[in-house]
Amino acid sequence: MPPGYPSLEPYNHSYTIQPDEVLTLLESVQYDAQSLIPFSGNHSRHVFTRQQGELLAPAISNAVHQAVPQEVVEFSLADHDKPDRRTKGLVFVLHDELHLIIEELRKPVYQGEHNTYQQPVPQWELLPGDRQRHYASRPGGKGKIMNWIITPLR
Amino acid sequence: MREQMWAPIVHQIGFALFLSCLLLPGTLFAQSSNKPTGTHKEDSVEQLREQLQRIEEQHQRELADLKDRLGLVEQRQSSLSDELAQNIRVGAYGAVAFESFSDRRTTHDGNFEVLISGNFHDRVRVYTEIDLGLPHGTADAEQAYVDLLLAQPFNVRAGVLLIPFGKFNLDHFDPRRDLTRPPSVARLVTPTTWSDLGFGAFGFFPVSDNIKATYEIQMINGLTDKFLATPGTIPDPGLQSARTGLRSDNNGDKAIVGRGTLKFFDQYEIGFSGYRGQYKPGSNDLITGMAFDAEFRPRNITILENFVLRSEFARFDMQGSTTPSSLWGYYIQLTYRFWPSVLNSTILGRHFNNPTFALVGLYGRTKMNTTASPTGSQTGEQFIIGFNYRPVEDYVFKAEYQFNHGQFNQFPSDGFITSIAWIF
C-alpha cells in the first residue's frame, strides 16, 4: 500500500472475481461533491461511466487474480471527454470483501507543485450503497475514511 | 434511483397504449358486422398482437436509447460540476478566543477571513485570503496572488504573497493549529502573518518515490526599519512593525526570501528558509534571516502514529542597528491525538464520523539582542499545555494554559486562553 494507508497485509490474493461482478460494483459507486458555494447542497454522482466500468472491470478482475498477498491493484483512468482529468485508485480483497480506494477523482493530471499548505482542494466523499460501508480506522465505526469503500463479495 | 426515474415513463407508455386502444377501436376491438367469420377474427387478433409487439419493441429501443442519452447527460453534468468545483471555490475561516491573563482584563478576540480560489484557465489560478479586520477594523489582503503553472519544477506567482519563511507563516490558519496563539518565535521573530507584494517562482521535484523536494523563492519589497523608530514604545515587539503593510518599498532595494523543503514518505518534512534585504532608506545595511523547520507525522506505526511533532527555529540579524541587532527563537510542539471509544455513544461522539481529542505541549524561547536593555538582551520563555476537541476536522474547540517568563514574550504573565475555530 502507498504511504498514508494502514497496512492490512496479507490480502486474499490471488482471488477470483468475475468481471461482471466488478462491473456491477463499479457502476454502483457514487460520490458526493461539495458545490461551488458552501452549504448550497450536494449532488450524488457516479464515479465511473459505463464505458470506464467496462474498461476497468476485466482489468481489475485479472489483476486481483494475478496479485500476490502483499500486492494491491492500482489503476488510473482518463476521463472520456477531458483526457487530462484522471481518476486514480486502489483495489484489493480482504476477508471476502473488496476494498476500493479512490485517491483522485477527475483531477487534472498537471499539478504545478505538490499542494501548498493552503490551496483548498475540492472535497468529495464516496457514498456507500447497499451492503457497502466506509473503512473505519477506529473501533466502533469511528475514524471513517471517506474515499474508501468496502463491498462484501459473498 | 434510475429505476425509479424510468418507472413513470413505462407507466406512461402503457397508459398511451391503453388510450390508443380506446380511441382507435378499429385497430384493436372493432368487428365488421357483415364479416362474422372466426378465421378473420383470429387473423385480426394475430395482426394486432404483432403490431403490439412491434410497438413494444420500438418502445424498448427508444427506452434503451433514452437511457444511454441520460447516462451521457448525467456524465457530462458530473464532469461540469466537478470542473466548476475545481475552477472556483469560496470559503472562509474564523476564530473567537477568550483570554484571561493575570496582568490585564479578560477579553474576547477573534478574526474572520474570506477565502476565494479558482482557475480561470487550466494553467492560471488565483487565490485570495482577506482578513476582514476583526477586531481592529481594517480589512487586509493576507494573500491575493495569481499563479502561472508552467511545469512542475517551475511556476510563477505574483501578487500579495505569503512569505515563505518558516512553516508556521505558511500554515497559519487557526482551525488547522492545535493552539490558539502562535508560538512566540512565530510572532516576535518571524512576523506572522507576514505578507508582501512581489513576484516569485515555485516548483516541485520528485527526488524518488518516497522523497520529494519543493522550493519557493520570492522577490518582495521587504522588511523596513520601522522596528527602530522609537525604541521602547514599539506597538508590536520584534519585527511585527517592520512589515511593509503592503505599502511601496521604503528604499528601492528588493528583498529576496525563499524556502526549500524535503518530504519523506509524505510523513516527515524539513524546511530551510532564508531572507536578505536592505531595510533603511539611503543605506546598504541588510537584514538577513534564516529558519529551519521540521514536522514529523508518523503513520502506520503503532502508538507513534497518534503523535505529531513540530519545531521551528528562526533568526534575523540587522546590520547597522543596535536596537535590536539580532533576534532569534525556537519552539517545539508535541501533539497527541486520541479518542476513547467509550465516548462513541455520548453527545461528543454520537453524531460524528471521526471525533478526536488532542493533548498539546509547547516549549519555546526567544531572544533579542538590544542595547536598549541594560543587560544587552531580552529573553522570553513560554510553556503551554493545551487540549483540543474536534468533532469534525474543520471545527475545533481549544483550551490552553500558558506559562510565560521574561521580557521578550507575547504575554508578560501566565494566563488561560480558550477558543473555537472553524473553516469551510
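Letters A, B, ... are given to chains in the order of the sequence lines, protein chains preceding strands, and every chain is numbered from 1.
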Part of Pro206(B) lying under 4.5 Å from any heavy atom of chain A | neither
Return yes if some donor-acceptor pair links the side-chain N/O of Asp131(B) with the main-chain N/O of Glu142(B) below 3.5 Å, else return no.
-> no
Region of Glu269(B) in contact with chain A, defined by heavy-atom distances below 4.5 Å | side chain
If you count heavy-atom pairs under 4.5 Å between each of Lys142(A), Gln51(A), Met146(A) and chain B, which one has the most?
-> Lys142(A)
State whether the side chain of Ser61(A) and the backbone N or O of Gln18(A) hold a donor-acceptor pair below 3.5 Å, judged by distance alone.
-> no
Contacting moiety of Phe205(B), where chain A heavy atoms sit under 4.5 Å = neither
Salt bridge (charged side-chain N to carboxylate O under 4.0 Å, His left out), paired with Asp293(B), selected from Arg259(B), Arg310(B), Lys167(B) | Arg259(B)
Check for a donor-acceptor pair, side chain of Lys107(A) on one end and backbone N or O of Thr87(A) on the other, with a separation under 3.5 Å.
-> no
From Lys88(A) atom NZ to Glu103(A) atom CD, the distance as rounded to the nearest 0.5 Å = 5.5 Å
Examine whether an atom of Met1(A) lies under 4.5 Å from a heavy atom of chain B, and if so say whether it belongs to the side chain, the backbone or both; otherwise answer neither.
-> neither
Bottom line for Asn210(B): the part with an atom under 4.5 Å from chain A's heavy atoms is side chain
